[in-house]
Amino acid sequence: MPRSLYDISPLIPLIEEGFTLLTPNFRLARRIKSEWDARQAASGAGAWHPVPALPLERWLQDQYRAASIQAFTPAIAQLNDDQVLELWQQVIERDERDSKEYHLLRPAGAAQLASQARDILLLWQVDTRKAGIRQNFNLDSDCGTFLRWLDLFERRLGQAGQGTALDCIRALADCASKLPKSRVALLEFDDVPPLYRATVMALCDEVREIVPSGESARRRLYSFADRRAELQTVAHWAANIHRAQPDASIGIVLSEMSTERVALEYLLRREFDCLDENYSSLPVNFSTGIALTQAPVVRDALAALALAGPKIKVRAVVALIQSRFLRLPDAESALTNYFVNRLFEGGSEELSGADLRQAANDVKLGDSRGLALGEHLLAIAGMRELRKPALASEWIERFCRVLEVWGWPGMGPLDSLEFQQVELWYRTLDELRGYDAVCERMDMAQALRLLRGICERKMSQPQTGDHSIQVLGPLEAAGLAFDELWLCGMQASRWPAAARPNPFIPQSLQRQLQMPHASAEREWSFAEGLLKQYACSTAVLHASYCHLQDDVAEMPSALVAQLVHRAVKRALS
């Protein structure tokens with residue numbers, strides 16, 4: 001019999017006793033709910049109460065909302081992650097202008113690291129107001145600079161009555177004694193940050209921690225010459241098992257989801273013959289999608305908006321002319337080809353908006369003159385409001401008007417994935433309304449930069465069925481059960497990951513409190529815990545590595561080096 005992706009049998013007594021089940025992530029919570037519903041339906045029940053399974057962070061947020069509704073804690077206007085990053089970037093850029101002592105090449109990168117540093121300090125309950133802590137920060141110039149940013153950031157939040165999700169949880173911890181006590185079970189947690197643990201203990205009169213259990217899997221190790229050979233074998237292996245046992249649950253863990261997902265998806269589509277008309281029939285779920293900016297329909301929308309700017313890249317113009325998501329009926333005409341050749345012959349990498357407008361309207365070949373491109377640019381140039389600063393919310397309508405001129409998202413039918421991406425675009429565009437709380441009036445370039453940044457951090461995840469093949473990152477796979485599980489990229493240079501201490505927190509403090517990524521020992525312990533969870537959740541555990549990476553010899557991770565080494569052909573049998 002195939003395994004379900006999570007065996008809820010041990011949890012039944014907890015559910016019957018009224019425990020709330022708390023998980024590390026949404027994926028595991030959804031799986032528990034799905035298994036509970038399937039069990040109830042199989043028993044012949046016509047109706048049943050949903051199982052109370054939630055990610056820990058979501059449950060804490062729900063508890064905070066209940067506390068604020070009852071006025072047990074002051075209400076905080078909570079900013080989302082993108083708004084927090086924007087506020088950090090404003091603080092850093094203003095401090096940079098005022099101090100004149102340094103110049104950051106990537107303020108957005110510094111904002112990301114600063115936001116992560118504050119989150120870690122809150123999670124590990126470090127009080128940066130204490131004199132000893134501040135002295136420790138000021139011993140390092142980068143940490144001292146961050147402390148100055150942090151003070152400015154906290155002041156901005158306080159003045160506006162705003163906060164982050166962690167500020168809400170910290171406020172919840174302070175009023176926990178006023179709330180009714182709960183009973184919770186923590187499932188499949190390898191590590192619970194101190195703030196979360198302390199808050200849960202304060203909110204509950206009973207907390208049970210359920211650790212992974214089960215027989216240790218049969219373990220196999222494979223080596224490959226390069227990454228493509230590894231992923232190609234994995235795709236072939238998954239397809240072979242699926243054809244022989246369609247109901248078998250198969251897990252594939254990518255150690256670098258961001259760089260390997262696209263390659264593996266292509267190889268899986270080739271194995272399952274899902275590259276063309278069968279594109280939507282791939283029996284695979286991916287735990288993460290692609291950045292919204294990588295979706296062609298959204299990429300072209302952003303590029304079309306950018307053509308309203310004062311300077312325009314020639315290559316960007318050529319790429320847009322070829323877009324099927326814009327209304328350019330003469331895109332394949334001889335006049336357009338002539339126009340493109342003229343652009344390249346000019347030798348310039350970019351043009352002013354006025355020059356591009358004139359060139360597109362004046363181009364002539366035989367009896368043909370002027371392009372639809374020029375008409376669109378002329379219409380957009382006549383929108384005077386685009387030259388006036390406005391609040392983020394006001395730019396929504398302006399951007400929509402520009403895209404209407406371009407006829408975006410095109411006249412042709414959209415496939416299911418493109419339709420979902422267009423819907424996500426409009427939801428993302430609507431999020432600009434929330435930035436009125438953290439941004440002053442801005443010009444079009446600033447508004448477009450803000451929108452592009454939001455889209456870069458927004459994931460486009462296709463809505464698919466619940467398939468038996470799951471492609472996951474290392475954290476998403478923890479706790480799920482599979483008939484067979486394959487871990488990719490298990491070479492020593494990747495697993496465990498190298499230590500990556502945050503540059504804005506004193507390293508001595510990070511090591512002392514065992515903060516995430518603080519040391520090689522911390523990374524080893526974390527990776528070892530994940531591997532134990534994997535081994536308990538599958539009947540057969542496969543692991544693979546490349547023995548040559550970028551012309552550098554590699555060894556298997558010491559965590560998997562003792563696995564039984566098998567020839568590649570055995571993996572496919």
Side-chain angles (χ1 to χ4, degrees), residues 57 76 79-160 162-171 173-174 191-199 438 453 457 496-527:
E57 292 179 30
I76 296 173
L79 304 179
N80 65 33
D81 292 343
D82 286 330
Q83 292 168 335
V84 169
L85 281 177
E86 176 63 26
L87 187 56
W88 269 111
Q89 191 160 333
Q90 291 177 20
V91 165
I92 291 170
E93 289 175 348
R94 180 163 297 180
D95 184 68
E96 183 180 12
R97 290 195 303 269
D98 293 345
S99 69
K100 299 180 181 179
E101 294 177 359
Y102 60 93
H103 180 70
L104 292 171
L105 295 177
R106 295 184 62 248
Q112 184 79 49
L113 287 170
S115 182
Q116 291 171 357
R118 182 178 186 266
D119 285 351
I120 293 170
L121 292 170
L122 289 176
L123 285 169
W124 264 256
Q125 298 181 299
V126 177
D127 188 351
T128 55
R129 296 169 298 181
K130 292 183 177 179
I133 296 292
R134 297 185 72 85
Q135 183 178 7
N136 194 3
F137 271 79
N138 286 320
L139 291 174
D140 179 276
S141 59
D142 287 343
C143 297
T145 298
F146 165 74
L147 197 61
R148 184 170 68 248
W149 295 344
L150 180 61
D151 291 342
L152 295 171
F153 182 83
E154 301 278 7
R155 193 175 307 139
R156 283 283 301 271
L157 289 180
Q159 290 171 348
Q162 298 169 337
T164 68
L166 289 181
D167 289 315
C168 295
I169 294 174
R170 183 171 57 173
D174 294 337
D191 189 16
V192 180
L195 175 63
Y196 288 171
R197 184 173 291 280
T199 307
V438 294
R457 294 184 291 271
R500 293 178 288 110
N502 190 291
F504 293 145
I505 304 175
Q507 291 194 24
S508 59
L509 183 63
Q510 294 185 64
R511 289 192 296 268
Q512 175 191 340
L513 297 180
Q514 286 292 288
M515 292 177 173
H517 315 301
S519 65
E521 293 79 12
R522 178 71 160 76
E523 293 300 297
W524 176 277
S525 176
F526 182 74

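Numbering of residues begins at 1 and proceeds along the displayed sequence. Computed from a predicted model, the values in this text were never measured in an experiment. Computed from heavy atoms alone, side chains included, the values below leave out hydrogens, waters and symmetry copies.
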Looking only at heavy atoms, which two atoms of [X] and [Y] are closest? And how far apart?
X      : Y      : value
Pro503 : Asp142 : O-CB, 3.9 Å
Asn502 : Leu113 : ND2-O, 3.2 Å
Arg511 : Ser519 : CG-CB, 4.4 Å
Phe146 : Phe504 : CD2-O, 3.4 Å

Non-hydrogen side-chain atoms of [X] and [Y] separated by less than 4.5 Å:
X      : Y      : answer
Pro193 : Trp124 : yes
Pro516 : Arg522 : yes
Thr128 : Leu150 : yes
Leu509 : Phe137 : yes
Cys143 : Asn138 : no

Salt bridge flag under 4.0 Å for residues Asp151 and Arg134: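 Judged by the 4.0 Å cut-off on N to carboxylate O distance, Asp151 and Arg134 do form a salt bridge.
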Asp81 with Arg457: basic N within carboxylate O range, under 4.0 Å: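 No, this pair does not count.
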Is the backbone of [Y] close enough, under 3.5 Å, to the side chain of [X] for a donor and an acceptor to pair up by distance?
X      : Y      : result
Gln125 : Leu122 : no
Gln510 : Ile505 : yes
Ser115 : Ala111 : no
Asp95  : Arg148 : no
Ser525 : Glu521 : no
Gln83  : Asn80  : yes

About how many Å separate [atom2] of [Y] and [atom1] of [X], when rounded to the nearest 0.5 Å?
X      : Y      : atom1 : atom2 : answer
Ile76  : Arg170 : CD1   : CZ    : 8.0 Å
Arg94  : Trp149 : CZ    : CH2   : 15.0 Å
Gln89  : Gln112 : CD    : CD    : 10.5 Å
Leu123 : Leu166 : CG    : CG    : 4.5 Å
Ile120 : Leu195 : CD1   : CG    : 13.0 Å

Salt bridge (charged side-chain N to carboxylate O under 4.0 Å, His left out) pairs, two or more places apart, involving residues 108-126: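 Only Arg118-Glu154, Arg118-Asp167 qualify under salt bridge (charged side-chain N to carboxylate O under 4.0 Å, His left out).
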Derivation and outcome, side chain to side chain contact (heavy atoms under 4.5 Å, CB included), residues Val126 and Met515: CA-CA 11 Å; Val126 177; Met515 292 177 173; 3.8 Å; yes
Candidate list Leu87, Val438, Leu152, test side chain to side chain contact (heavy atoms under 4.5 Å, CB included), partner Leu157, passing option: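 Of all the options given, the one that passes is Leu87.
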Side-chain donor-acceptor pair present, Gln90, Arg156, cut-off under 3.5 Å: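 Side chains of Gln90 and Arg156: pair found under 3.5 Å.
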